[in-house]
Amino acid sequence: MAQPAISCRNVWKVFGPDPAAHVAALSAGGSGAAGHVVAVRDVTLDVTRGEMLVVMGLSGSGKSTLVRCLSRLIETTAGAIDIDGVEIGSLTEASLIALRREKMGMVFQSFGLLPHRTVLQNVAFPLEMRGMDRMARTARAREVLELVGLRSREDYFPRELSGGQQQRVGIARSLAIEPDIWFLDEPFSALDPLIRREMQDEFLRLKKQMDRTIVFITHDFDEALRLADRIAIMKDGAIVQCDSPDRIVLAPASDYVAKFTAGVDRSRVVHVGTFAMPLPPDAPPEGSPLPAGATLREIARSLVADPRPTIPVADTSGRLVGALDRNAALDLVLEARPA
Amino acid sequence: MTDSAATDTAVVRSTTEKGPRVWQGLLIAAVLLAVGQALLPPGLIRPPDWAILPFADWINAAFYYAQNELGLMQVTRAFAGGVEWSLDVTGNLLYGRNRWPRIGPIPWSTVAVTAGMLGYALGGWRLAALAGGTFVWIAVMGQWRWSMETFSVIVVAAPVSVFIGLCMGTLAWRSKTAERIINPILNIAQSLPHFAYMIPVVVFIGLGPKAGAVVTIIFSVPPMIRMTLLGLRKVPEEVVEAGKMSGATRWQLLTRVRLPTARTEILIGVNQVIMQCLAMVVLASFIGMPGLGQRLLQLLQALRIGPSVEIGITIVLLAVTLDRLSRAWAMRQPAHPEPGESWASRNRLWLIWAGLVAAAFGLAQLVPYFHEDERSQALSIAPPIDAGVNWFIGFVSPVTDWIRRVLVVWVLIPFRDAILWLPYTTVLAAVAALGWAVGGWRSALVCVGFILPIALSGWWDRAMITVYTVLAAVTLAGIIGFPLGIWGAGTGRRAAVVRLVCETMQTFPRFIYMIPVVMLFGVSDVAVLAAVMVFATVPIVRYTIEGLDSVPPETVEAAEMSGATRRQVLGNVRLPLAMPTILVGFNQSIMFALFMVIIAAFIGTQDLGQEMQRALSATDVGKGLVLGLAVAFLGLMADHLLMRWAERLRQAQRL
Amino acid sequence: MQRHAKLLIGAAAVALTAAQGHAQDSSDPIIIPTHNWSSQIVMSHVVGNIFEDMGMSVEFISADSQAVYEAIRLGDVTLGLEVWEGAFGASFSAALEKGGILDVATHDAITREDWWYPMWTKEACPGLPDWEALNACAEIFATPETGDRGRFLGGPVDWLKNDQQRVDALGMNFTVVNAGSAAALWAELAAAERDSTPIVLFNWTPNFAEAVWPGEFVEFPAWEEGCDKDPALGPNPDATYDCGNPADGYLKIAAWDGMPEKWPTAFAVLERINFSNPQIAEMAKLVDIDGLDPEDAALAWLEANEDTWRPWVE
């Protein structure tokens, strides 16, 4: 199997007077000393290359701390994190800086723009750190600004822009070096709902144009469902479930996860391909297949009209991949849960 | 007033309920020691001779060692040499001192035009008029050379201060240990009377403009350190993280991310440095700072009030101008240029400035008056000022004679005698009691820790006279300032007027007040009190206004809806809520009074200030520092008590 | 006016440099301290102008009048032009003992510092200037601070005048109140003048105050050498300081002991410099009464007194 882009093994982050001892005590099944806060609890996780992982959790669940461990903005207390097979905890400061300059980009909740620099200078900042000459970095920064539609504002200062525009600058800055790994820490949380929706669309557009590994943090479950290849749900520092959106909606691992999914219109999330049963080996269903990549909601109309009890499902290449139980699918569309 | 006092005692009571009522016990002990002093051994009334520690000798020995054995003298003199070289350059440019680069002096008209342009760029027409007008006033009044002598020192001292402050502030931010060392030094330095560190400067640097510059640097560094530290702390974590993720090294992070982001705080630090430099203009002339301060002292020495007031006005104008300019700079936010603007229109202000400077320069070549103004061509408003002061003194002197007699005979002498009558053990116990009441055993220990060294230094009686003067002055300042503040807090317009008056009184050189005060009250404690009060009243008025104005309007509205009269709203709602802020005002008032009491030695006092004056003229470093520290400790103790109390009130309000 | 005077001195300087073309004087500035009384400032500028036009570089710095002797010793300051016996005799002697400072010359001017009163006081206390008469009308000098006793307004304590010892030694019904600065003394005097309040205070000559407020020194038992150390001298056999201050104190010129080597010509001139009481009083008057600035006053004085200073430089 291909090497994952990011791989965490038993990662802990504990704040307090003696974090290491606390981790040891907790790992051994004890309760540890008082006065410690466990922000990340024994997280083991792989992110494959080109995958978009959304880490979802309420505030205080440790998701922001986790992403800062992945980028080594903070040191982990225990465990190991590999980026492209390199253990980042053991990197020297110089190699860490080189890694960031070459491979990583990050977008922040409150944008983290430099107030004294223009939009253009902000976007060019990582390139400047790399030592790129002025002409080259200005050209590249303009290119990225074009991508996020802010070319006309390049001489503005951050405080002269709206929140949405500021975040576009943040995004442009993080993309300036064409990172392999892109961290986004609640990028849209500080924006109002209408802008947020618009930015999500924009984000999906950008994502389609590129092929990179993305770790996206959010506290908004709908946003996670909308954007993710895979969702990791965190509670009290631990990952309670890490699965595709369909799986999370169909099979919540705990009551906690179920609470999030309760209000969700599952038919908009669940894909035909996921919901389908394996093909019966003896008698494959007949007739025109449904597309595996569509959500149940999208095929709801044809489902109602289709008289077949089991309907074949095919992927984009036309190969049959499964069979859909029409009644079960209808139940889900109509939100009548089977007992 | 009575209500707020009631809440105060309620708070004090609630704090002591936890522990035994130790502070009451201490207070009773203090009273017993005072009343029964006839029975006490003399060692409990005044510190016995064997307990007096020769701090001054120790300090002098240490300084002697540093100066002669460690060769610190070479270091300081080398530093002073660098400062002196810079002073030569600015001296040449600004007032034509015969030193390299031998270009100057710059015509005054170009400086005035530049100041006006700077004002316009930073704050529009009003600031332009203020800045340009100030320099025109200086030239027209024939004070150009003096002002430039002063300026030549400030333009060297302020940048050095800013640089040192940035470095030390960064160091304190970077290392907890450094902060732990720097912080108490700053606390003491900021409460040490100016004269105390002028003596070591004379020893290590010598006299003259360089000594003036060095003492100005020392005096103006602390606020810069504090503001740098504050600014670096306030940089949003995400901005730093963004910098790190951009691959910045530590140095790049500091110079390109943190320091630029802390720009506003750092510039406010610069503003404070400039203000501190101006505050030193007169005092530093005691050790050779040339210019306005030196002239002012000479004029006062010959009792020429009118011309000294002219200089005073110049100093106030300069202070206000530089304050407004630097604050406008600090508050200024960058803005984008309009798209499609031409080069000329982008650089419009620069071009206008260059044009104006060229014009002024040309004019200066044609008309010498615009190049260098001679004293003989100066205007003067001294005669009307003298007449005004004379008239005023003649007008009020019948009243002031009476005030002097009543205050001296019935209030001040009994009060002073009473304080001197107290055994030092009483004072120690009372201070411990106060500390305990306000902040438990820790505060009691802190307070005793501050006051015991004073008893052991051998300057007890003089320190008590200082305490007496400060207490009397702050009490009187409270009696005047507190109602004034309440009056001023009524409306925005009144507050603005009161604030303006306060600001002017504060920046006006203190030495000028001493002459009319002596003419009114003679060389007496009343004159000292009057001079001290001028300063001590200002913070009380200011903070009373601020405290009352910052009471949340909903709270006041709620009280009004409950049917409270205006008086009830004031007494039951606004004053109690404003109390913590007002206490901060009293705290500052005590600080100001302590500084001024030392300077009032030039009127004639018998306290620590008089000895400080003696130490200065004898260049006695040890004695000067011991006296200075005694003053600083008194200030720090008052600061501890009042801030603790204010904190307590704030906590109680939060509940 | 400034330019005019410069020319004048310039002419003299040309003559001088022609005569002493081989002078080895250093080009470093000669540093002359100015203190906070006007005659001294004017005198410093007079001497400074003379040096400057001899081709020396001169600089003025303001310095504390007591601390300056330490500065002269270290060479931070080159010379001192007004060393008053009464006020600075002690600091000067101490510096002489430590070494590094030279006693260059003594002015003709004599100095006197003592108890003094303005003329209107004499009307209220006609027996003056005798000290016993003063003591007899002590109560007219009473103030709220001093109760029934008369008040003597002394100078700042750091002028070290031993007034309290004298009051005790002579059994006077006076209390000494020390003003903190000369300015405070003059302010009190000016205030007393308004309604002719009797006042007795510390004063000295030569001084501008003589011209503003005519007055006299109180006559104490005459100073005898040792009166401050030997109780037997003076009217009170058991006490020191039972006498007035010397009525003819010296006024000296001091210089850094490196000066003769570094600026030999200038030092030679300095040795010849000599001012008298009227000359010093005139310098003070130019500033304090006529309202000139010290620099202008110095030029005016040079212009008017060429006969006096020309011989020094030739």
Side-chain angles (χ1 to χ4, degrees), chain B residues 97-98 142 202-203 206-209 285-290 294-295 297-298 300-304 307 374-376 382 390 393-394 397 404-409 413 511 514-520 522-527 600-606 609-611 613-614 616-619, chain C residues 1-2 29 31 33-38 41 57 59-68 70-71 74 76-77 91 143-145 147 151 153-154 156-160 177-192 194-195 208-209 212 284 287-288 291-296:
Chain B
R97 199 171 184 206
N98 189 17
V202 171
V203 170
L207 293 169
S285 66
F286 276 91
I287 58 168
M289 168 123 160
Q294 188 194 343
R295 295 296 162 155
L297 290 185
Q298 284 170 10
L300 285 179
Q301 209 72 5
L303 208 63
R304 293 175 62 196
E374 303 273 345
R375 275 295 286 162
S376 46
N390 262 328
I393 289 172
S397 66
R404 175 185 180 183
R405 189 163 296 277
V406 170
L407 269 182
V408 166
V409 175
I413 292 185
F511 283 88
M514 302 205 301
I515 300 299
V517 153
V518 170
M519 290 177 95
L520 288 174
V523 173
S524 69
D525 286 2
V526 183
F602 287 85
I603 293 174
T605 54
Q606 281 115 50
Q610 191 190 32
E611 285 298 324
Q613 202 184 15
R614 230 191 279 217
L616 179 64
S617 54
T619 14
Chain C
M1 183 183 73
Q2 195 164 344
I31 297 176
T34 57
H35 303 318
N36 50 12
W37 66 94
S38 38
I41 305 169
S57 150
E59 225 149 72
F60 302 95
I61 65 166
S62 71
D64 180 82
S65 52
Q66 297 283 357
V68 74
E70 184 70 9
L74 295 172
D76 289 338
V77 166
S91 304
T143 60
E145 293 80 28
R151 177 195 64 163
L153 187 62
V157 277
D158 54 326
W159 293 1
L160 312 170
V177 171
N178 289 101
S181 56
L185 285 176
W186 310 141
E188 271 263 6
L189 188 53
R194 305 186 69 90
D195 38 11
F208 84 100
V212 187
V287 172
D288 295 327
L292 292 182
D293 284 306
E295 292 84 348
D296 295 338

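The sequence lines fix the lettering, A, B, ..., with proteins before strands; numbering per chain opens at 1.
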Q: Decide yes or no on side-chain contact (heavy atoms from CB on, under 4.5 Å) for B:R404 and C:T143, but give the supporting numbers first.
A: CA-CA 10 Å; B:R404 175 185 180 183; C:T143 60; 3.9 Å; yes
So, for [X] and [Y], which heavy atoms are closest and what is the spacing to 0.1 Å?
| X | Y | value |
| --- | --- | --- |
| C:I61 | B:P209 | CG2-CD, 3.7 Å |
| C:V157 | B:Q610 | CG1-NE2, 2.9 Å |
| B:F602 | C:A184 | O-CB, 3.7 Å |
| C:A187 | B:V518 | CB-CG1, 3.6 Å |
| B:R295 | C:D293 | NH1-OD1, 4.4 Å |

Which of the residues [options] is involved in the greatest number of heavy-atom pairs with chain C at under 4.5 angstrom?
| options | result |
| --- | --- |
| B:T605, B:V406, B:I603 | B:I603 |
| B:I393, B:I287, B:V202 | B:I393 |
| B:I515, B:L297, B:L300, B:L520 | B:I515 |
| B:G394, B:S397, B:P290, B:A600 | B:G394 |

Measuring heavy-atom distances to chain C, does [X] have an atom under 4.5 Å in its side chain, in its backbone, in both, or in neither?
| X | value |
| --- | --- |
| B:I413 | side chain |
| B:Q294 | side chain |
| B:R614 | both |

(Q) Under the rule for salt bridge (Lys or Arg N to Asp or Glu O under 4.0 Å), what residues qualify as partners of C:E188, not counting sequence neighbours? (A) C:R151
Examine whether an atom of [X] lies under 4.5 Å from a heavy atom of chain B, and if so say whether it belongs to the side chain, the backbone or both; otherwise answer neither.
| X | result |
| --- | --- |
| C:T34 | side chain |
| C:V287 | both |
| C:D76 | side chain |
| C:L185 | neither |

**Q.** Under the side chain to side chain donor-acceptor pair (under 3.5 Å) test, residues paired with C:N178 that sit two or more places apart
**A.** none
Q. Any donor-acceptor pair under 3.5 Å linking the side chain of C:W186 with the backbone of B:Q301?
A. yes
**Q.** C:G180 backbone acceptor or donor facing B:Q613 side chain under 3.5 Å
**A.** yes
Q) If you count heavy-atom pairs under 4.5 Å between each of C:I41, C:V212, C:I31, C:L189 and chain B, which one has the most? A)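 Of C:I41, C:V212, C:I31, C:L189, C:I41 has the most heavy-atom pairs under 4.5 Å with chain B.
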(Q) Do C:R194 and B:N390 have side chains that approach each other closer than 4.5 Å (heavy atoms only, starting at C-beta)? (A)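 Result yes, sub-4.5 Å side-chain heavy-atom pair found.
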